[in-house]
Amino acid sequence: MKNALAQADHAVEALRAQRQDLYYPHFHLAPAAGWINDPNGLVCINGVYHAFYQHHPYDQNWGPMHWGHATSRDLAHWQHQPIALAPGDDYDKDGCFSGCAVDDNGLLTLLYTGHVWLGKAGDDDQVREVQCLATSEDGIHFVKHGPVLLPPEGIQHFRDPKVWRAGDCWWMVVGAKENGLGQARLYHSSDLRNWQFDRVLSGAQTLNQGFMWECPDFFPLGEKQVLLFSPQGLAAQGYRNRNRFQSGYLLGHWQPGEDFGVTQPFCELDSGHDFYAPQSFTAADGRRMLFAWMDMWESPMPSKAHGWAGALTLPRELTLATDGNVLMNPARELTALRGQQHSFAAVTLSNQRQALDDEVQELALTLNLVNSNAERYGITIGKAARLYVDNQAHRLVLERFSEEPGLCGCRSVPLPEGDELSLRVFIDRSSLEVFVNQGVACLTSRIYPADGQRGVSLFAEGGQAQFAASQGWELESIWD
Ligand code: FRU
């Protein structure tokens, strides 16, 4: 593997030399060059946060998956590390697919899917997927130990293990496809190497609940248990399930040795265009955190022409609201990135536009819903996007604009209860992340301002709108 890793690191360096940065993120994890998708192996061990990711170091398109790697001491500033896993052994010949990391008594241990095409490369109907283990003494260099869990008879897809410890036992949830339907399968082990099947935690009953459930994750949150997963093949319903694939959760109750008692049906976790394959982890102080891939399968990615593609979302904190819903907020650690602050006075606009600032990358803004009667009011971000209250539909809308039709259009969430709408907006070179009313809703979308302009203006159309005094910040780069 050493040779394959050295070659892969070399390939990234060569691509990096040609990278163009018009869309390259300033404060999001992204590959130095080449392609990335899912976050993998998120863990805090020996005082260091590790973020691995699905990576193709040779090209800006998806290909034989490696595990890229970055580390952080504070969850805000990061360093690139050498590529951690390269495919090439008989059990992972065609890819080291998604998986997780655990702290096994101080030993950083990865569990990932070894992927092999049995037919033609790319023929999803003929694959062999096994769960594999790798360990690292220094947190940087890994030794592969091969498969620890083989696919059961009759299972068509079997991937993306997520492992945690409960009591004196390890538990693993794995995404699967059986008889053409997606499911999450549960296993347990005393040593991470020998696994026993426990039960199917949950699965699609009909095709429009998903033909495959990718990247399952299963964890307690407050009084509830969350099954987070990325189902493929959900039918769109009104404003919901609009993306190529979805990511969301079931809520319920669970004890080791029992069935998962679901109390709330599938709910998308983020309502933007670009949020997939989220994976959770625990912060050093026990908070439940999460990263997702900030893209969507089959979406156009203009940065490919610049030698790279794919980024992760900001790290986020999950909590359970008193009404039982999952709240998602930016990690509090991110305030460490705040630089120059900009303050904006309260203003009422009537069929007007007012420029705030060209440099703001984080904006905390409150709109008064009661004293505003404009048909549409909110903010524009250069010519690339706008975020507004649609007073007729009674929704908060994120609309993006592009020369590329596949990158246009709206995503929206219902306006939350209450007189005020508070927004925390993060604007990077090619992304917009919006957190609504302390996390009751989120919208994450890639935007590609070809002119590089991302200046923020307030606007009100067809009436007046009241904006409270607001704050903005320029943010530091996350790279040390
Ligand atoms: C999700 C996914 C996973 C798989 C990986 C391959 O986006 O399809 O199921 O392990 O990506 O890169």
Side-chain angles (χ1 to χ4, degrees), residues 23-31 36-44 49-53 68 70-80 217 228 247 268-284 287-296 303 310-319 326-339 360-365 381 385 387 398 400 411 422-447 454 456 471-480:
Y23 301 133
Y24 195 76
H26 181 64
F27 56 93
H28 285 86
L29 283 169
I36 74 168
N37 53 287
D38 313 355
N40 292 158
L42 306 175
V43 72
C44 180
Y49 286 100
H50 295 259
F52 300 85
Y53 46 82
T71 54
S72 171
R73 291 210 163 259
D74 62 1
L75 213 49
H77 301 90
W78 292 83
Q79 282 180 314
H80 286 296
D217 194 349
L228 178 67
S247 291
E268 281 179 280
L269 187 55
D270 186 294
S271 304
H273 294 89
D274 294 288
F275 183 91
Y276 195 65
Q279 183 178 99
S280 80
F281 62 106
T282 27
R287 279 169 298 143
R288 181 61 57 170
M289 316 295 288
L290 168 146
F291 278 100
W293 178 35
M294 191 163 60
D295 283 292
M296 183 52 59
S303 70
L312 303 187
T313 62
L314 289 173
R316 299 167 178 201
E317 276 181 50
L318 298 182
T319 47
V326 174
L327 303 179
M328 186 157 68
N329 281 294
R332 63 194 67 167
E333 284 85 345
L334 293 170
T335 54
L337 297 176
R338 285 179 180 168
V360 158
Q361 290 158 315
E362 179 188 350
L363 181 67
L365 181 74
I381 293 103
L387 176 70
L398 186 166
R400 58 182 187 175
R411 289 290 180 270
S422 95
L423 302 174
R424 245 179 107 187
V425 185
F426 291 85
I427 305 159
D428 207 339
R429 289 200 184 117
S430 56
S431 64
L432 199 56
E433 276 160 295
V434 182
F435 298 87
V436 184
N437 280 18
Q438 285 75 45
V440 297
C442 291
L443 294 140
T444 301
S445 295
R446 298 302 296 272
I447 54 170
R454 296 177 308 278
V456 179
Q471 305 293 328
W473 293 269
E474 295 172 36
L475 300 180
E476 284 172 13
S477 164
I478 58 168
W479 298 109
D480 276 341

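For reference, positions follow the sequence shown, starting with 1.
Counting only heavy atoms from C-beta outward, the side chains of Y276 and S247 approach each other to under 4.5 Å. Within the 4.5 Å cutoff, no side-chain heavy atoms of C442 are placed close to those of V436. Side chains of H273 and M296 form no contact here, defined as non-hydrogen atoms less than 4.5 Å apart. M328 has its side chain within reach of L290: a pair of non-hydrogen atoms, C-beta onward, lies under 4.5 Å apart. Between Y49 and V43 the shortest side-chain heavy-atom distance does not fall below 4.5 Å. When side chains are defined from C-beta on, D38 does not count as touching Q279, because their heavy atoms never get closer than 4.5 Å. Annotation: side chain of L387 is in contact with side chain of V434 (closest heavy-atom distance under 4.5 Å). Contact of the Q438 side chain with the S422 side chain is registered, since non-hydrogen atoms from C-beta on lie closer than 4.5 Å.
For the atom pair CD1 of I427 and CG of L432, the computed distance is 6.0 Å after rounding to the nearest 0.5 Å. In this structure, the separation between CD on E474 and CD on Q361 is 6.5 Å, given to the nearest 0.5 Å. Note: L334 CG to R424 CZ = 7.5 Å, rounded to the nearest 0.5 Å. Separating the CG atom in L75 from the CZ atom in R287 is a distance of 7.5 Å, to the nearest 0.5 Å. Once rounded to the nearest 0.5 Å, the distance linking CG of N329 with OG1 of T319 reads 6.0 Å. Atom CZ of R338 is separated from atom CG of L475 by 8.0 Å, given to the nearest 0.5 angstrom.
A distance-only check finds no donor-acceptor pair linking the side chain of Q79 to the backbone of S72 [under 3.5 Å]. With hydrogens and angles disregarded, a donor-acceptor distance shorter than 3.5 Å links the side chain of D74 to the backbone of A76.
In this structure, the side chain to side chain donor-acceptor pair (under 3.5 Å) partners of S430, at least two apart in sequence or on a different chain, are R446. For T313, there are no side chain to side chain donor-acceptor pair (under 3.5 Å) partners, not counting sequence neighbours.
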Does the side-chain contact (heavy atoms from CB on, under 4.5 Å) test come out yes or no for S431 and M294, once each step is laid out? CA-CA 8 Å; S431 64; M294 191 163 60; 3.4 Å; yes
Using the rule given for side-chain contact (heavy atoms from CB on, under 4.5 Å), can you reason through R316 versus F435, listing the C-alpha separation, both sets of side-chain angles and the distance that settles it, and then say yes or no? CA-CA 10 Å; R316 299 167 178 201; F435 298 87; 3.7 Å; yes
Residues L327, L318; criterion side-chain contact (heavy atoms from CB on, under 4.5 Å); working and verdict: CA-CA 6 Å; L327 303 179; L318 298 182; over 6 Å; no
Could you go step by step and tell me if H80 and W479 meet the side-chain contact (heavy atoms from CB on, under 4.5 Å) rule? CA-CA 8 Å; H80 286 296; W479 298 109; 3.2 Å; yes
Can you list the steps and then say if D428 with H26 is a side-chain hydrogen bond (donor to acceptor under 3.5 Å, both in side chains)? CA-CA 6 Å; D428 207 339; H26 181 64; 5.8 Å; no
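The aromatic rings of W78 and F291 sit perpendicular, their planes meeting at an angle over 60°, well past the 30° parallel limit.
No donor-acceptor contact under 3.5 angstrom links the side chains of H77 and D480, judged on distance only. Side-chain N/O atoms of R288 and S280 include a donor and acceptor closer than 3.5 Å. One side chain, D270 or T444, offers a donor N or O that lies under 3.5 Å from an acceptor on the other.
Contact detail for R400 and D274: the closest heavy-atom pair is NH1-OD2, 3.1 Å. Nearest heavy atom pair, residue A292 against residue F275, reads CB-CE1, 3.5 Å. The two residues W473 and G339 come nearest to each other via the heavy atoms CD1-O, 4.0 Å. Of all heavy-atom pairs spanning C44 and A284, the tightest one is SG-CB, 4.1 Å.
Checked options I36, D295, L42; the residue passing with L312 is I36 (criterion: side chain to side chain contact (heavy atoms under 4.5 Å, CB included)).
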